[in-house]
Structures are given as C-alpha cells and as structure tokens.
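Data block below; observations after.
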Amino acid sequence: MRLVLVGPPGSGKGTQAEMLVDKFGLTCIGTGAMLRDAIARGTEMGRQVKPLMDQGLLVPDPIVNDVVAEFFRSSARPEKFVMDGYPRTYSQAIAFDALLRQQFLALDAVINLTIADDEVVKRISGRRCCPKPDCGVCYNVNYRGTKVPGKCDRCGADLVLRDDDKEETVRRRLHEFYRNTDALINHYRHQNLVRDVPATDTGEAIYANILAALKKVA
Ligand code: AMP
C-alpha cells in the first residue's frame, strides 16, 4: 500500500498515519519530522529552514523535494509507505510523481481528509495548554476539560491559549493550507487517486472511513 495523506491542521492526520502504519506495516514519511531532525543535527540545511519553520512558513519546494528524494534513493527506500505532510504543493506533487516513476513505485491512493473550517477552529482554539516546560499537558474546553477550570490537572499551573492556537491564526493557517493544496488535490483527482474521507468524527470513526475508502482501492 502506497498512500499520501492530505488534511488541514487539526484534522488528526498524524494520528491516522500512525494507525495506518500499524495496520499495513507501512513506513511513515513525515517531512516535518525529517526537517526537525536536520535542525537537531545542526546541518547546513537545518540552519537554513529553522527560521521558516519557526514562523510556520513552508520550506521552499526544492529543499523538501531533495530531502524526500534522498530518502527514496537511500538504503532505507520503502516499498510501502504513507506520506504525512508531503507533497504539500502542486510543484512538490510533480516532483514526487517523477521520483516515484524513477523508483518504479506507484501510488495507490491519496486520502483527502475533509473537515469544515469552523470545526477545525473549534477543535484547535479550544486547546488550553500548561505553559510549564516540564509539564506541558494540553486540554480542550470543548472536549477534554480540567477538574478546576483553567488549571492544569497535573501541576495546577494556569493554562494558556497558545498564539498558534488562536482563532485568527488557525484561520490563517487554513487559508494557507487550501491555497497550496487545491491544485495538488486536483492534480491527483485527474489521476483518479483521491479518496475524500470525512474527518469530523472521533479518531476511530475517521479511521474506519479511511479503511472503507481503501477497500475500494484494493
Ligand atoms: P508538520 O510537522 O508536517 O506540521 O511540518 C512542520 C513544518 O515543517 C511546516 O510548518 C513547514 O515549515 C515544514 N514542512 C513540512 N513538510 C513540508 C512540505 N512538504 N513543504 C514545505 N514545508 C514543509
């Protein structure tokens, strides 16, 4: 099984990728994790991308394309995989198509997690996190409350709404996401690879939706 997982922030993409890895024995290829690793190792590329990632901006296409191509050309080359966070733009999709052709690998499906913006905003802007670095537990006023409102269950600190999770920021990230992914999804739709999967329910329900969509592939 060779999959691309596409979904806006807050759609639970990472959780779904993990479940697919367990079920089908796939390698999860997450470009965010690969780039963070380059930063942690202090490579030249890591130094280049850090300021962009700190601001939540996309890393230039050629850099991410190289990271992914290197991985597929290395001894770690996976036969079965789920892409988490790549391709993220039309131009990345074109580069990825070419890479897969070179590698004699073909995608089976592109899972497109669909969720309304208001639902994402409700999910993310309801997050309240403990600001203490040694604790950092996150709760959600809409789904996972605390025993004492506004206080961390574990350490009692005052919970905060992170800048990243504010409604205005979430809406901006969503806008950016669709600006980049509309053309990408259309590209894969023309190849008849896209499976639209509703992602509004619980993690388990979303996972069941994905498995049902994949049955139509097999
Ligand atoms: P993620 O862990 O997927 O949320 O990615 C974290 C950050 O890594 C993003 O905000 C981008 O700065 C960068 N990044 C990850 N994947 C890509 C990609 N395919 N294209 C451009 N930037 C990316």
Side-chain angles (χ1 to χ4, degrees), residues 2-21 26-73 76 78 81-100 103 105 107 110-115 117 120-121 123-125 127 129 136 138 162-166 168-188 193-194 199 203 206:
R2 289 185 277 273
L3 304 173
V4 170
L5 201 51
V6 181
S11 61
K13 196 161 49 76
T15 313
Q16 296 304 322
E18 271 172 36
M19 292 200 258
L20 289 165
V21 163
L26 310 179
T27 299
C28 181
I29 304 176
T31 38
M34 285 168 153
L35 295 167
R36 278 189 292 275
D37 179 60
I39 294 174
R41 284 185 293 115
T43 67
E44 174 56 35
M45 185 270 279
R47 275 195 290 277
Q48 229 178 310
V49 301
K50 187 174 185 305
L52 297 170
M53 290 180 66
D54 283 348
Q55 293 171 72
L57 297 173
L58 286 189
V59 168
D61 292 334
I63 295 182
V64 207
N65 290 338
D66 278 354
V67 168
V68 174
E70 246 175 59
F71 185 73
F72 273 91
R73 289 177 189 142
F81 55 81
V82 53
M83 303 301 299
D84 173 11
Y86 180 92
R88 245 185 172 88
T89 63
Y90 175 72
S91 133
Q92 290 178 17
I94 299 297
F96 192 45
D97 281 357
L99 175 69
L100 291 180
Q103 296 287 324
L105 297 170
L107 290 176
V110 174
I111 305 286
N112 182 32
L113 296 175
T114 59
I115 177 165
D117 283 5
V120 170
V121 168
R123 277 186 192 181
I124 300 185
S125 64
R127 272 186 203 156
C129 296
C138 288
R162 295 192 298 215
D163 281 345
D164 240 24
D165 295 340
K166 288 186 177 152
E168 187 191 316
T169 319
V170 175
R171 293 215 186 260
R172 200 170 52 235
R173 279 162 65 200
L174 284 168
H175 178 77
E176 274 299 290
F177 171 80
Y178 289 111
R179 197 171 64 81
N180 288 305
T181 48
D182 281 354
L184 168 98
I185 290 292
N186 276 337
H187 169 73
Y188 285 126
L193 285 171
V194 177
I206 300 168

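Start at 1 and go down the list; that is how both ligands and their atoms are numbered. Positions are given from 1 along the sequence.
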Got a sec, which residues hit ring pair (Phe, Tyr, Trp, His ring centres under 6.0 Å) with Tyr188, two or more places apart in sequence or on another chain?
-> none
Contacts of type disulfide bond (SG atoms under 2.5 Å apart), residue Cys129, not counting sequence neighbours = Cys138
Phe72 and Phe81: aromatic ring centres closer than 6.0 Å?
-> yes
Non-hydrogen atoms closer than 4.0 Å to ligand 1: which protein residues do they belong to? List them by chain and number, please.
-> Thr31, Gly32, Leu35, Arg36, Met53, Leu57, Leu58, Val59, Val64, Gly85, Tyr86, Arg88, Gln92
Can you name the one residue among Leu5, Leu193, Val6, Val194 that meets side-chain contact (heavy atoms from CB on, under 4.5 Å) with Ile111?
-> Leu5
Do Arg47 and Glu44 meet the salt-bridge criterion of a basic N to acidic O distance under 4.0 Å?
-> yes
Keeping to residues at least two apart or across chains, list the side chain to side chain donor-acceptor pair (under 3.5 Å) pairs with something in residues 60-72.
-> Asp61-Thr89, Asp61-Ser91, Asp61-Gln92, Asn65-Tyr86
